[in-house]
Student: 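Following this message is one structure expressed as structure tokens.
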Amino acid sequence: MIAAFSPFVALRYLLARRISLLAMLGVTFAVWSMILVNSVFTGFVGEIRADVRRGTAELLLTDLPLDTGYEPLRAALEADPAVAATAPRLRHHGLLQPLRTPTGRGPAAAAAELQFDHTESGFALLLGIDPLREGEVTPLRQWLERSTEVFAVHGAALEPSRVLDEPDPARREQLLVPDEVEWLARRRAGLRVDHARTAHHSTWPGVLLGWRRAYHMGWLREGDAFDLLTAASVPTADGGARMTTFRARMAFAGWFATGYRSFDENTVLVPIETLRTILGHDRADPQGIDLVTDVAIRLQPDLAPRDAAAAVRRLEDRAQAALPPGSPPCRVLDWQQQNIVFLGAVATEQAMMQFVLFVVMLVAAFVIYAVLHMMVVQKWKDVGILASLGGTPRAIGAVFVLCGLVTGTLGSALGTGLGVLSAQNLNTVNDWLFATCGVELFPRSLFDLQQVPVRLETSWLLLVAIAAIALSLLVALLPARKAARMNPVQALAHE
Amino acid sequence: MSTPVLAAHAVTKHYRLGKREIPVLRGVDLTLQAGERLALLGASGAGKSTLLHVLGLLDQPTSGQVCFDGRPVHDLPIAERARLRHAHTGFVFQFYHLIPELTALQNVLLARMMASSMTGYWRQRGAARAAAKALLEQVGLGDRLHHRPAELSGGERQRVAIARALLAEPRVILADEPTGNLDSHTAAGVVDLMFSIQQQRGIALLLVTHNEDLARRCDRIVRMQDGVVLAEPTGT
């Protein structure tokens with residue numbers, strides 16, 4: 001039971017002292033900043049995770065031995081009822097060089113120099129995909145369409161790539177650009193062409209570039225010729241191995257944009273058969289195999305998390321069984337495990353940011369403690385008066401606990417309200433600042449976003465609001481304890 | 001003889017000052033009958049205020065007993081002593097001891113809030129306000145209800161303190177030099193008021209003072225010196 005005088009006196013103490021307002025504003029600021037900063041950060045993290053998720057297969061079978069073929073693995077994996085689709089992947093490294101006419105140096109085909117600028121290079125992670133199957137495991141078409149949206153943000157208008165609309169599967173598998181487009185590209189590059197444009201048949205396999213390469217490769221026209229250079233060890237007659245370079249001419253088939261920055265920056269999508277051919281496993285070669293380094297997997301939709309986890313273990317076993325005996329253990333990674341370092345870094349950044357904000361909250365709590373401690377010292381005699389009137393130590397302590405509680409609760413409520421309002425109107429304020437002062441609080445173009453992503457989470461709001469109140473209550477207990485333990489006679493004698 | 005409402009039996013009180021033990025009360029015996037007016041006389045440092053604090057359960061004796069209605073109460077748990085103090089004892093101090101943030105009316109009402117829960121007080125707040133107003137009117141402060149202590153004179157503050165001491169309808173009032181901070185004219189007014197209410201309500205009054213004239217207006221005088229009672233009660 002709280003004695004009636006405790007809240008009565010507490011309220012009057014608070015109203016009579018302006019410094020209580022300072023303590024309350026401290027809590028308000030801490031709660032406001034925790035809500036606003038975290039909602040922006042949560043929004044960013046949400047966007048980042050969505051981008052990573054969009055650019056990553058649901059599951060990836062990886063750590064496969066060298067010279068692994070796709071077909072046995074496909075059969076083993078697709079036999080599992082949890083699997084909806086699989087697609088082969090072949091990773092390799094390479095160098096891409098567009099055939100472009102250096103100023104005043106004649107035709108591009110004759111140009112020998114590699115194109116580098118001082119920050120970027122033509123080096124790329126080549127990801128060989130099967131265009132006929134890849135769309136089953138990742139939103140490949142969406143990647144192509146999204147590049148148009150991304151370029152629009154940066155003020156460029158362009159059409160999405162048409163290679164997936166090619167009706168002939170054999171041509172689609174090679175990501176071939178339309179015959180006429182390649183004919184024009186050959187002519188632009190100064191290469192020999194048929195006289196009749198309609199008589200030409202495209203032969204250059206297509207290459208899809210992450211949209212961020214536009215920054216250092218410049219704008220490319222559909223069909224523009226590329227030379228792909230890569231290297232691999234090949235066996236020699238004496239039983240050894242020798243690093244050999246391979247070269248293939250390809251055509252620019254379009255841009256893609258997953259939103260996952262490092263993927264869009266580093267990865268180049270090429271037809272898997274082209275890469276297999278380069279690496280000595282041509283389809284026509286009876287010795288060749290349908291080489292893969294990974295297999296992308298999509299599970300059946302609406303699979304419960306527990307069932308999905310069980311499926312991962314099962315698929316690892318199935319894949320292992322399909323590999324030659326004695327193979328090192330392969331692994332099946334979910335989309336988060338595939339990006340564990342990046343997502344871990346993002347999560348750590350968020351945790352660090354939350355810790356810093358928690359320190360702000362601690363400072364606010366310390367202000368409450370200091371104000372209440374000062375109040376107890378100044379109200380020393382009042383403690384004696386209340387005791388002489390029959391106030392119990394507990395009820396006298398409650399006066400100061402209530403002071404802390406009211407300060408914390410009001411500060412928390414005000415901070416929560418302001419935090420929610422600020423978060424909801426952040427983009428309006430950001431737009432207004434940019435329009436009037438040319439200042440952007442959050443440079444959206446840096447993250448290729450139309451708006452500052454803000455996500456208010458009810459659980460975080462509740463956590464912050466309750467934590468602020470609990471912390472205020474906690475720090476009020478110390479001065480309250482001091483007041484409750486005070487000897488009333490000494491308190492009355494205090495001057 | 002009836003059981004005294006308040007009694008001290010062989011009460012001692014020592015304070016520790018560094019390594020030294022300072023005896024302030026050295027075996028004090030004292031009784032206060034219901035409705036009696038007792039003056040406790042003595043020089044500064046005689047132990048009068050300490051005895052008053054011990055009798056009012058604000059402080060505990062080092063040894064001896066404090067009895068209320070014949071029942072030892074000095075070693076009750078702290079919350080129980082507080083409850084007893086609220087129910088039966090009213091204090092009037094030399095320096096008034098009002099809470100500066102509260103108005104005269106609120107200071108008096110405080111006495112009603114001590115033992116009530118929030119809901120309990122809320123239910124009887126009308127009656128409590130009426131009683132507090134009536135008391136303030138009785139002490140001549142009907143027009144000063146909403147003034148804070150800083151806006152009142154010394155005499156007015158002491159009247160507020162008297163009204164506050166009376167609101168809980170105590171059986172004993174312990175007054176520690178209630179006129180010690182007032183000029184003689186104001187002091188006479190305050191004493192007259194206190195004595196008249198005490199007589200009207202039949203409250204026992206223990207008046208700590210070193211004013212001989214004031215003491216002579218009491219039923220009994222007890223003199224203290226160096227922590228001991230010097231003289232047995234003598235009628236006036």
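Quick note on labels: first sequence line is chain A, next is B, and so on, each numbered from 1.
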Student: Output yes when a side-chain donor or acceptor of A:Glu47 lies under 3.5 Å from a complementary backbone atom of A:Val452, and no otherwise.
Tutor: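 Here the side-chain-to-backbone pair does not exist.
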
Student: For chain B, which of A:Ala16, A:Gly384, A:Pro7 has the most heavy-atom pairs under 4.5 Å?
Tutor: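 That would be A:Pro7.
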
Student: Flag the one option from B:Thr89, B:Leu84, B:Asp59 with the top tally of heavy-atom pairs under 4.5 Å to chain A.
Tutor: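 Among B:Thr89, B:Leu84, B:Asp59, the one with the most close pairs to chain A is B:Asp59.
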
Student: Does the B:Arg85 side chain pair with the main chain of B:Leu57, one donor and one acceptor, at a distance under 3.5 Å?
Tutor: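 Here the side-chain-to-backbone pair exists.
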
Student: Is A:Leu386 close to chain B through its backbone or its side chain, or both, or neither, when contacts mean heavy atoms under 4.5 Å?
Tutor: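 For A:Leu386, the contact with chain B is made by backbone and side chain together.
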
Student: Does a donor on one side chain and an acceptor on the other come within less than 3.5 Å for B:Thr12 and B:Ser63?
Tutor: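 A donor-acceptor contact under 3.5 Å links the two side chains.
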
Student: Look at the aromatic rings of B:Phe93 and B:Phe91 and report parallel, tilted or perpendicular, splitting at 30° and 60°.
Tutor: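 Ring orientation, 0 to 90° scale: parallel.
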
Student: Under a 4.5 Å cutoff for heavy-atom pairs, which residue among B:Leu174, B:Leu109, B:Thr119, B:Leu102 has the most contacts with chain A?
Tutor: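 Ranked by contacts with chain A, first place is B:Leu102.
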
Student: Taking B:Arg81, B:Arg112, B:Glu80, B:Gln106 one by one, which has the highest count of heavy-atom pairs under 4.5 Å against chain A?
Tutor: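 It is B:Gln106.
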
Student: What part of A:Leu389 lies closer than 4.5 angstrom to a heavy atom of chain B: side chain, backbone, both or neither?
Tutor: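 Looking at A:Leu389, backbone and side chain both touch chain B.
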
Student: Taking side chain as everything from C-beta outward and backbone as N, CA, C, O, which of these in A:Ala395 sits under 4.5 Å from a heavy atom of chain B? Side chain, backbone, both or neither.
Tutor: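 When you check distances to chain B, no heavy atom of A:Ala395 falls under 4.5 Å.
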
Student: For chain B, find which of A:Pro488, A:Ala387, A:Gly391 contributes the most heavy-atom pairs closer than 4.5 angstrom.
Tutor: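 Heavy-atom pairs under 4.5 Å are most numerous for A:Ala387.
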
Student: Against chain A, label B:Leu58 side chain, backbone, both or neither, depending on which of its atoms sit under 4.5 Å from a heavy atom there.
Tutor: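 Backbone plus side chain of B:Leu58, per the 4.5 Å heavy-atom cut-off to chain A.
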
Student: Tell me, with the steps shown, if A:Trp460 and A:Thr42 meet side chain to side chain donor-acceptor pair (under 3.5 Å).
Tutor: CA-CA 10 Å; A:Trp460 179 254; A:Thr42 306; over 6 Å; no

Student: So for B:Leu98, is it side chain, backbone, both, or neither that comes closer than 4.5 Å to the heavy atoms of chain A?
Tutor: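 Only the backbone of B:Leu98 comes within 4.5 Å of chain A.
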
Student: Answer yes or no: does atom CE of A:Met353 have more than 12 heavy-atom neighbours from other residues, nucleotides or ligands under 6.0 Å?
Tutor: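 Enclosed.
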
Student: Is the number of heavy atoms from other residues, nucleotides or ligands within 6.0 Å of CZ (A:Arg12) greater than 12?
Tutor: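 Enclosed: over 12 neighbouring heavy atoms sit under 6.0 Å from CZ of A:Arg12.
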
Student: Could you check which of A:Ile385, A:Leu15, A:Val9, A:Ile2 has the highest count of heavy-atom pairs closer than 4.5 Å to chain B?
Tutor: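 The option with the most such pairs is A:Ile385.
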
Student: Just so I know, are the side chains of B:Leu51 and B:Leu206 near enough to count as touching, which here means a heavy-atom distance under 4.5 Å?
Tutor: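 A side-chain contact is absent here, since even the closest heavy-atom pair is not under 4.5 Å.
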
